[in-house]
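Okay, so here's the structure we're looking at.
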Amino acid sequence: QKEVEQDPGPLSVPEGAIVSLNCTYSNSAFQYFMWYRQYSRKGPELLMYTYSSGNKEDGRFTAQVDKSSKYISLFIRDSQPSDSATYLCAMSPWGNEKLTFGTGTRLTIIP
Amino acid sequence: ETGVTQSPTHLIKTRGQQVTLRCSSQSGHNTVSWYQQALGQGPQFIFQYYREEENGRGNFPPRFSGLQFPNYSSELNVNALELDDSALYLCASKGGPEDDTQYFGPGTRLTVL
């Protein structure tokens with residue numbers, strides 16, 4: 001069993017919809033949780049960075065961490081075609097380094 | 001742009017050969033990490049260097065080795081290439097252990113035949 005599980009999709013939603021992406025994990029040592037976005041032929045770029053449990057909001061993006069359930073989520077409101085990409089969850093015991101990534105969910109927003 | 005560049009963009013090698021991939025980080029970024037991303041998978045952590053010393057390694061064999069130089073450049077070397085080494089190799093840099101943001105380069109696509 002992988003340390004981090006993520007549904008690879010693909011996931012297609014209409015423009016303007018709310019998107020929900022999630023990951024589960026098994027390693028209790030993970031304290032730092034990140035969401036990265038990766039466009040085709042590009043490296044991942046950091047979207048959200050959270051420490052421990054709780055919610056964090058940044059514009060149209062909201063990250064949630066539930067350490068008791070070992071479950072993290074990313075919500076995208078008012079989704080746009082430019083949000084079409086692969087979304088990777090990542091986590092680490094140490095901060096934004098030495099990351100363990102999920103498989104990535106491929107998301108397409110349909111105009 | 002992230003300020004992290006990698007070369008070459010693409011590379012084709014045959015099984016058993018050796019390869020060197022290069023990365024150039026932003027000035028002041030003392031931490032560099034390398035990740036392997038197989039097709040359809042998330043990146044896997046290979047190792048990290050801080051101020052030219054290795055300070056963390058993932059589950060990769062010793063034939064994967066690295067170097068970090070004082071001019072914020074670094075190398076990933078892979079010996080005795082295997083077919084399963086075919087992947088996108090990503091370099092990522094950050095300022096230091098307390099820096100929250102890690103910047104990824106665009107990657108080098110390695111194909112082993």
Side-chain angles (χ1 to χ4, degrees), chain A residues 1-11 21-27 29-52 56 58 63 72 74 85-107, chain B residues 1-10 21 23-26 29-51 54-60 66 68 87-109:
Chain A
Q1 185 184 2
K2 293 182 179 180
E3 278 190 294
V4 179
E5 298 280 357
Q6 183 176 10
D7 187 340
L11 180 63
L21 305 168
N22 54 74
C23 290
T24 59
Y25 64 95
S26 58
N27 188 346
F30 291 144
Q31 299 286 339
Y32 297 85
F33 303 91
M34 285 129 285
W35 286 94
Y36 280 83
R37 178 174 62 194
Q38 186 174 25
Y39 291 113
S40 182
R41 304 182 193 284
K42 299 279 190 179
E45 61 175 321
L46 181 66
L47 276 178
M48 300 290 283
Y49 174 72
T50 56
Y51 170 70
S52 195
K56 184 175 182 179
D58 184 1
I72 71 171
L74 177 71
T86 295
Y87 288 80
L88 297 152
C89 64
M91 43 200 83
S92 170
W94 302 285
N96 193 355
E97 60 178 43
K98 304 172 190 173
L99 302 176
T100 300
F101 280 87
T103 304
T105 299
R106 187 173 175 181
L107 173 67
Chain B
E1 295 300 321
T2 65
V4 180
T5 59
Q6 293 187 242
S7 62
T9 305
H10 297 91
L21 310 181
C23 173
S24 179
S25 307
Q26 292 184 35
H29 279 197
N30 297 308
T31 303
V32 65
S33 303
W34 286 88
Y35 290 82
Q36 179 195 67
Q37 187 174 22
L39 197 62
Q41 301 296 316
Q44 272 195 286
F45 173 68
I46 302 174
F47 46 58
Q48 177 171 292
Y49 279 77
Y50 176 64
R51 295 187 184 271
E54 184 179 302
N55 77 335
R57 189 176 186 93
N59 189 25
F60 280 81
Q68 185 185 25
L88 181 69
Y89 287 86
L90 296 161
C91 165
S93 73
K94 55 187 286 192
E98 303 302 319
D99 192 342
D100 287 349
T101 304
Q102 181 170 218
Y103 299 92
F104 279 84
T108 293
R109 173 72 61 186

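Just so we're on the same page: letters track the sequence lines, and every chain starts at 1. Here the structure is a predicted model, which means the values were calculated and not measured.
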Using atom types as modelled and distance alone, determine if a side-chain donor or acceptor of Y35(B) lies under 3.5 Å from a backbone N or O of L99(A).
->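 Yes, Y35(B) side chain to L99(A) backbone: donor-acceptor pair under 3.5 Å.
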Heavy-atom cut-off 4.5 Å, strictly under: side chain, backbone, both or neither for [X] against chain B?
| X | answer |
| --- | --- |
| P8(A) | neither |
| Q38(A) | side chain |
| Y32(A) | neither |

Taking non-hydrogen atoms and a cut-off under 4.5 angstrom, which of residues 40-47 of chain B neighbour chain A?
->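 Result: G40(B), Q41(B), G42(B), P43(B), F45(B).
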Chain A heavy atoms under 4.5 Å from Q48(B): which part of the residue, side chain, backbone, both or neither?
->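 The side chain, not the backbone.
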In terms of heavy-atom pairs under 4.5 Å, which option from R41(A), K98(A), R106(A) contacts chain B the most?
->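 Ranked by heavy-atom pairs under 4.5 Å with chain B, first place is K98(A).
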Q102(B) side, atom CD; L46(A) side, atom CG - distance, nearest 0.5 Å =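 So the CD of Q102(B) and the CG of L46(A) are separated by 9.0 Å.
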